[in-house]
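Shown next, in structure tokens, is the structure this report addresses.
Scope of the values below: all heavy atoms of this structure, side chains included, with no hydrogens, waters or symmetry mates. Naming convention: chains lettered A, B, ... in sequence-line order (proteins, then strands); numbering from 1 in each chain.
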Amino acid sequence: MTGLMHRSEVAVSVELQTPDMTLNIGPQHPSTHGVLRLVAKVDGERIEEVEPVIGYMHRGYEKLAEVRTYAQITALVNRIDWVAGFASEVPFIVAVERLTGIEAPPRAQWIRLILTEMARIASHLVFMSSYPLELGATTPLMWALRERERVLDLIESVTGGRFHPNFNRVGGVKPAAGGGSKTKKISMDLPAGFFAQTKTAMEKVLHVCDELDELVTGNEFIKARTVGIGVIPPDKAIEYGLSGPNLRASGVDFDLRKVEPILPYDEVDFDVVVTTSGDCYDRYVCRLEEIRQSARIVLQAIDKIPSGPLQAKVPRVLKVPEGQVYVRHENPKGEFGYYIVSEGGRMPYRLKIRSTSFSNLSILPWLLEGQLVPDLVAIMGSLDFVLGDVDR
Amino acid sequence: MSFWATLGLQVVAVLAVMLGLALVTIYAELKISAHMQSRIGPYYAGGRWGWAQPLADGLKFLQKEDLVPRLADSTVYRLAPYVVIVAALAVWVVIPFGPSLVVRDLDLGAFYVLAVSSLSTLGVLMAGWASANKYSLIGGLRAAAQLIAYELPLLLAVLAVVVQAGTMSLSEIVAVQAEPWFVVAGVPISAPFIVKGQIIGFTIFMIAAIAELSRIPFDMPIAESELTMGYLTEYSGIRFTMFFLGEYASMVAMSAIAATLYLGGYALPGVPAATLNVVGPFVLLGKVALLVFLMIWFRWTWPRLREDQLQAMAWRWLIPLGLLNIVLAGIFKVVL
């Protein structure tokens, strides 16, 4: 047939070749939360294929841990997920405690619980500020960070650090700021006025949740950008090992605080927030509701916290017996676990960190295929990852 | 005065007023956004209230290196910011500030305004193409798509005003709005077009104007969380300043057009016609300030839409509504 056509006709009948453009998103890009790099093949604004390139922030914590004592490792692990530093310390210290057979006294456990929930609030408030920003709304950023500052101030007043508390000790918690390690006075405990300030801060946090409800949750533009976008069905969520709000937004009721509590979560009353549709909007709503639940936990905990010592008796040089242990905990972003292999001695033989964002990010290529570039930002933001948590 | 002297004076006047207004608008945006976000905003520059912040920023930009990417189409790249700012400034030629305070009262004023204001998109497209950057290219093409989607509703909205006023001259459109509408107890009462049935037209015009200005919720061509800075990505120094000033100058210009077409321009019910040459500019600026505030308010409250959602909104809602609005304007003109 072609042979009968004139040459110009042949040229016209050939379909126009539109080569795909390779768009390199990151490692320096405003919405990749640091140094994630996405190599996207785009046809116009439609993404055909995306390959996340990670490792730009690899700090080798697993290797570093092999030449550090257990007490020194706490200073590393709270740098993994820095927006919730305290929460990633707890499972490590509990793992060491399980290996050595030391148990922290109840008051220390309750302080851990309060601070973990505060870290969760701080982490989710960062999400509340950055996610609307990625969709183009700038004001929620300021409102959410304003209240986060109160929470961080409280964490600082107890631990001495805003991001990197380094507060947990094997068998308890560090004597609070101003205490000093050898004094056994009352000043070692939580700072004066902590409970009253916490109550105020939690009220403010609950208030800003209501404000965000008005500004963001019900907003038609936000809904237009997020409802039905980036839907993760429950089976896919489980297949890719998602956890935390990303999993619960898909309708899977799984919260390690209920399933495998390593802190006295069974003594406080709270609901696991589960939403059904698994889209970006639900992941947002899920986190907003979790802030409220965390505030509820903190308010109960400051009423229930028992008095007593902060530290169990621990030998001066901590030698961990041979053995293996895996301890996981519900980090603000999901399941966060440490697998410690000990051959005896002061340092672990191997430390495997199961970091949440790394697993949560693995669904990205599947999820982004066929989406638009603006939706890429909406979907990526809704997964709420931290690059330090991805690369370790 | 000779022709050239008059022309020179007019050019200087437009430039001074326009760039001054753009700076004031930038300051207003800094301060209003700050107060919406529980911040203070600029505070130290200029001694009090940070009033000199836009000037200080401008001076800083002037000192910055003017980078041209190696692969960029140098001529087009350098020219683009001036196309944008000239388009914004040229609109002011036909805006009447008072009965005789107008640079050129063109018979086709409304047509001229629409034609010139959409030229800025050409500058954006040039910038996007010439930058030799993929993000810039996507931003530029988004701007072009946006122009096509929003020029029609804008035209339809203005057409309804033209139908109702029976003229395309902006001075006469203002004069028609200042005419007595009806008389109550011997007092003649005039009303701008927004009261005389053009509320739909005004809404369409404002939505389309914000889309044409690429401001949130329609700032997809810039969209810093997606395209870093869209067509602005590669620009620095004075050329970035030109874009920046052009953006705010266009914002003021669009508000001035809206104020002239729908809010009665320099005329205000109750202000005697004889004083309008003195009071008129302030009345117009007051109305412009109101509309600029509206745009700033939107920007700091809403997120951005997606390009396809914007297109759907334009083609499914604004264009049919615009057509309906022309019919309504005709009925209004015949009946009342």
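- With a 4.5 Å cut-off on side-chain heavy atoms, A:T139 and B:T301 do not count as touching.
- Proximity to chain B among residues 284-291 of chain A is not found for any residue, judged by heavy-atom separations below 4.5 angstrom.
- At a 4.5 Å heavy-atom cutoff, A:L145 makes no contact with chain B through either its backbone or its side chain.
- Below 4.5 Å, heavy atoms of chain A meet heavy atoms from B:M36, B:Q37, B:S38, B:R39, all part of residues 27-40 of chain B.
- Atom NZ of A:K199 has 12 or fewer neighbouring heavy atoms from other residues, nucleotides or ligands inside a 6.0 Å radius.
- More than 12 non-hydrogen atoms from other residues, nucleotides or ligands lie less than 6.0 angstrom from CH2 of A:W366.
- The number of heavy atoms from other shown groups lying within 6.0 Å of CH2 (A:W82) is above 12.
- The local environment of CD in A:E48 is crowded, with over 12 non-hydrogen atoms from other residues, nucleotides or ligands closer than 6.0 Å.
- With values rounded to the nearest 0.5 angstrom, B:W300 atom CH2 is found 4.5 Å from A:T138 atom OG1.
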Checking side-chain contact (heavy atoms from CB on, under 4.5 Å) for the pair B:R306/A:D375: CA distance, chi angles, key distance, verdict? CA-CA 8 Å; B:R306 224 167 48 208; A:D375 288 341; 3.1 Å; yes
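- Near-neighbour residues of residues 138-145 of chain B relative to chain A, defined by a heavy atom under 4.5 Å from a heavy atom of that chain, comprise B:I138, B:R142.
- Neither the backbone nor the side chain of B:D219 comes within less than 4.5 Å of any heavy atom of chain A.
- In terms of heavy-atom pairs under 4.5 angstrom with chain B, the leader among A:L376, A:L133, A:L135, A:V216 is A:L135.
- Put simply, CZ on A:F221 and CZ on B:F298 are 8.5 Å apart, with the number rounded to the nearest 0.5 Å.
- Residue A:R146 touches chain B through its side chain alone, counting heavy-atom pairs closer than 4.5 Å.
- For a heavy-atom cut-off of 4.5 Å, chain A lies close to B:K134, B:Y135 in residues 121-135 of chain B.
- Within 6.0 Å of atom NZ in A:K236, more than 12 heavy atoms from other residues, nucleotides or ligands are found, so the atom counts as buried in its surroundings.
- Of all heavy-atom pairs spanning A:R225 and B:R304, the tightest one is NH1-O, 3.0 Å.
- Within a 6.0 Å radius of CZ in B:F240, other residues, nucleotides and ligands contribute more than 12 heavy atoms.
- At a 4.5 Å heavy-atom cutoff, the contact between A:I25 and chain B is made by backbone and side-chain atoms alike.
- Residues B:L305 and A:A224 come closest through the heavy atom pair CD2-CB, 4.1 Å.
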